[in-house]
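This report concerns only the one structure given below.
A quick note: this is a predicted structure, and the numbers were derived from the prediction, not measured. Numbers restart at 1 for each chain; the letters A, B, ... are given by sequence-line order, proteins then strands.
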Number of protein chains: 2
Amino acid sequence: MQLSQTAEYALRAVVWLAEHPGDPQTTQQIADGCKVPVSYLSKVFQPLSKVGMVSAQRGLGGGYVLERDVDQISLLDVVNAVEPVQRIRSCPLKLASHGSKLCALHQSLDNAMAEVEQRFGQIMIGQLLRNSTGVRPLCETTGLAQLGISARAGGSPGQAP
Amino acid sequence: MQLSQTAEYALRAVVWLAEHPGDPQTTQQIADGCKVPVSYLSKVFQPLSKVGMVSAQRGLGGGYVLERDVDQISLLDVVNAVEPVQRIRSCPLKLASHGSKLCALHQSLDNAMAEVEQRFGQIMIGQLLRNSTGVRPLCETTGLAQLGISARAGGSPGQAP
DNA sequence: TGTCAACAAGACAAAAATATCCAGATATCA
DNA sequence: TGATATCTGGATATTTTTGTCTTGTTGACA
């Protein structure tokens, strides 16, 4: 019982983009920052672009940017884009006698899914950024980031090719 | 976001056994009644036997039986036996700066897991059986079963209780 | 225009989950 | 004892998920 890896990656990536507003992030940057296989990122972003949550710009200075307000994107939006929460809408055993009603077992399971769905629907990406409870922002932070010292390309350290 | 197929199967099987107390069920019976591939059942039962939730009897008249009271087995017990609910206990990105604390994203995800875990832990198998809300018992029922007419596979309507 | 930086997308590969098969170990019963 | 029923557990096959690679397209800019 857990989120798929792909959904995890998608959430990290979206949060990452949310942390870099107005600054297109390349797959390499995202991969490094989110610890996502760089060659897998295109797969992760495909459905996110499809629903218009992110957009990509090619060429020098390009990369991905969020297309919607961070407070208008819920965890559920992200998860559903890449791997919809599976609600149980009819008997998984296809028992005729069950019609569209669920037995107690499947009703219980679906209730749990419903709860998760609702919970995820209420949590907005923006909320996560602000909710930095004292410590780290989110995905990454070298310990320096907390002091406002950016350690990215464009900041001080790192390699400039 | 969903239960693994194996966990689904395990839950069905346990419920099935709960519906047939004191009557060892063969893999064939369980497979038919629960719509689980018969040849996969041994894999499903392996971890359930290991934790002592079920036991198997070989030979004629043998099969699987529940070893614990139906009101002492929660959905969580079953799920955890075959595929533990994955709680997030430390930063999945292994960020040193996060120590054992979770960022807002992962904390949110883990909270959802915790909720599911708790919910599952509260629902007992026995509860599901009694909770037949008017209609069907659980996994199976041809519509006849509700009238007390057993319609077991194998062609001939079998033994009356 | 040419060159380089970047994404797009499909083909391929590896790993994990799911499913099948079968020889062997037990158990029951005649 | 023999015949039959049943689980056990390992080897294997299939499918899905995850990950990689490569070729092509787009965009910026000198």
d(CD, A/Q5; C1', C/dA17) in whole Å: 15 Å
Over how many whole Å does the gap from B/Y40 atom OH to C/dA16 atom C1' extend? 11 Å
Nucleotide nearest A/S4 (side chain, heavy atoms from C-beta), chosen from C/dA6, D/dT18, D/dG19: D/dT18
Decide whether B/D77 and B/S74 meet the rule of one side-chain donor and one side-chain acceptor closer than 3.5 Å. yes
Can you find a donor-acceptor pair, distance only, under 3.5 Å between A/K43 side chain and D/dT20 base? yes
Do B/M113 and B/V85 have side chains that approach each other closer than 4.5 Å (heavy atoms only, starting at C-beta)? yes
Taking atom types as modelled, is there a side-chain donor on B/Y64 or B/S49 under 3.5 Å from an acceptor on the other? no
Rounded to whole Å, please give me the gap between NZ in B/K35 and P in C/dA19. 15 Å
Atom-pair distance (CG on A/L3; C1' on D/dT18), nearest Å: 15 Å
Mind calculating the distance between CD (B/Q28) and P (D/dT6) to the nearest angstrom? 10 Å
Just the rounded figure in Å: distance from P of D/dA5 to CD of B/Q25. 17 Å
Heavy atoms, side chains only, cut-off 4.5 Å: are A/I125 and A/L75 in contact? yes
Considering heavy-atom distances to DNA chain C, does A/F45 or A/Q2 have its closest nucleotide positioned more toward the 5' end? A/F45
Nearest-nucleotide pick for B/R58, side chain only, options being D/dT6, C/dA19, D/dG27: D/dT6
With a 4.0 Å limit, can you tell me whether B/S42 has a side-chain N or O closer than that to the phosphate oxygens OP1/OP2 of D/dG9? no
Rounded to whole angstrom units, what separation is found between the CD atom of A/Q57 and the P atom of C/dA6? 12 Å
Phosphate OP1/OP2 of C/dT18 contacted by B/Y9 side-chain N/O (<4.0 Å): no
Nearest-Å distance, CG (B/L17) to P (D/dC7)? 11 Å
When you measure from the side chain of A/L60, which nucleotide among C/dT18, D/dT8, C/dA5 comes out closest? C/dA5
Polar contact flag, side-chain donor to acceptor under 3.5 angstrom, A/E83-A/T6: no
Nucleotide of C/dA9, C/dC7, D/dT18 approaching A/Q46 most closely (side-chain heavy atoms): C/dA9
Could you check B/S39 against A/A56 and say which one's nearest nucleotide on DNA chain C is further toward the 5' end? A/A56
Does a side-chain N or O of A/T6 approach OP1 or OP2 of D/dT18 to a distance below 4.0 Å, or not? yes
Between D/dC7 and B/T27, is there an OP1 or OP2 to side-chain N/O distance shorter than 4.0 Å? yes
